[in-house]
2 protein chains.
Amino acid sequence: MDAAPDDDVCVKWSETLRVYHTTSCELESELQARHALGLSEFEVLLILSKCCGDGEGKAKMKDIEAEMYLSQSALSRTVTRLEKAGLVTRAVCDFDRRANFLMLTPSGRERFKAAQPTHREVLVKHLS
Amino acid sequence: MDAAPDDDVCVKWSETLRVYHTTSCELESELQARHALGLSEFEVLLILSKCCGDGEGKAKMKDIEAEMYLSQSALSRTVTRLEKAGLVTRAVCDFDRRANFLMLTPSGRERFKAAQPTHREVLVKHLS
DNA sequence: TGACATCCAATGCACGCGCATGTAAATTCG
DNA sequence: CGAATTTACATGCGCGTGCATTGGATGTCA
């Protein structure tokens, strides 16, 4: 698998850096400019919206954390921002009152639907 | 080129996210733990050391900036940290006194040589 | 049941980043 | 030449992040 040795991984890494930075940078600015969403915030909405079909959109914080590359504290604050913006609501889990459920509000679902094309558009532009 | 459409880019993107985050995260912590270097700092040393053969290691700030995914201000502060650590020296360019040269100190070259295997090791682990 | 370990989420804190601005040097052009 | 523009770098500022800690709920085991 690794016939050609060390330099290969360096090239691969610098290519990964290039793709990651250019793409995430444009995602960030386009989502912010067109939909007032940070990338982390969008990603939370994305998980919520696909995690639970159409009607609902519930998920536990821990489950979301597991699907994102974001620390527990950062996720907590991201959710706080989303909550303040009225896009998401926290609800305590009845069976385990340590845990929180997260739910999309109608406004949150709307915002996400509006933003998703922008997201796709940028991805297609950089990864096609 | 793009026979299978939208979902493809999403998969590709999430794969890029995974590789980028796991790799850069481990690079950061290994370089910090073993060599007291942040990833940005290492990357500056890397550019300096390959930019100019063995004996010297000079480069203009602007040229370094162009090779990194880092803002001008972030680079400026990164270099300040490297300078404080004694790994790098700033020198004013005689022909354009706005510009700075950057030079590896012997200590800087040493630190870089010590750190490079760690860097390679992590890359190989994640990208092979 | 009671003491201890574990788990979830929030928060204090420090840090690195990008944006906007400031300062000084160089370049352009009337 | 002299004023306006542009370029290089540093710095003030706000923000999002990770680490460490805290507080509260749950689980475990004797």
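Here is how names work: the chains are called A, B, and so on, in the same order as the sequence lines, proteins then strands, and each is numbered from 1.
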Atom pair distance, as rounded to whole Å: [atom1] in [X] and [atom2] in [N]:
X	N	atom1	atom2	answer
E65(A)	dC19(D)	CD	P	11 Å
N100(A)	dG24(D)	CG	P	15 Å
L37(A)	dG16(D)	CG	C1'	15 Å
F101(A)	dA25(D)	CZ	C1'	15 Å
K84(B)	dC15(C)	NZ	P	11 Å
K60(A)	dA9(C)	NZ	P	9 Å
Q32(B)	dG18(D)	CD	P	16 Å
R90(B)	dT11(D)	CZ	C1'	12 Å

Checklist entry - With distance as the sole test, does R97(B) use its side chain to make a donor-acceptor pair with the main-chain N or O of V92(B) at under 3.5 Å? => result no
Checklist entry - Hey, is the main chain of H35(B) close enough, under 3.5 Å, to the side chain of R111(B) for a donor-acceptor pair? => result yes
Checklist outcome for this item: Heavy-atom closest pair (T23(B) atom, V19(B) atom, distance to 0.1 Å) is OG1-O, 2.7 Å
Item to check | Nearest heavy-atom neighbours spanning R90(B) and S76(B) | outcome: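 It is NH2-O, 3.6 Å.
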Checklist entry - When clusters are formed by joining ILVMFWY residues with side-chain heavy atoms under 4.5 Å apart, either directly or through shared neighbours, do F112(B) and L39(B) land in the same one? => result yes
Checklist entry - Among the clusters formed by ILVMFWY side chains lying less than 4.5 Å apart, do Y69(A) and L27(B) turn up in the same one? => result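 They do share one cluster, since a chain of ILVMFWY contacts under 4.5 Å joins Y69(A) to L27(B).
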Item to check | Passing candidate, side-chain contact (heavy atoms from CB on, under 4.5 Å) with L123(A), options H119(A), K125(A), E121(A) | outcome: H119(A)
Checklist entry - Which letters describe nucleotides 23-29 of chain C, given B = protein heavy atom under 4.0 Å from base, S = only from sugar-phosphate, - = neither? => result --BS---
Item to check | T80(A)-R77(A) side chain donor-acceptor pair, cut-off 3.5 Å | outcome: no
Next on the checklist: Students often mix this up, so state it plainly: with edges at 30° and 60°, are the rings of Y20(B) and H21(A) parallel, tilted or perpendicular?
Outcome noted: perpendicular
Output one line per pair: protein atom, nucleotide atom from nucleotides 16-20 of chain C, and distance, for all N/O pairs under 3.5 Å.
| from | atom 1 | to | atom 2 | distance (Å) |
| --- | --- | --- | --- | --- |
| dC17(C) | OP1 | S40(B) | OG | 2.6 |
| dC17(C) | OP2 | R81(B) | NH2 | 3.4 |
| dG18(C) | OP2 | S71(B) | N | 2.8 |
| dG18(C) | OP2 | S71(B) | OG | 2.6 |
| dG18(C) | N7 | S73(B) | OG | 3.2 |
| dG18(C) | O6 | R77(B) | NH2 | 3.2 |
| dC19(C) | N4 | S73(B) | OG | 2.8 |

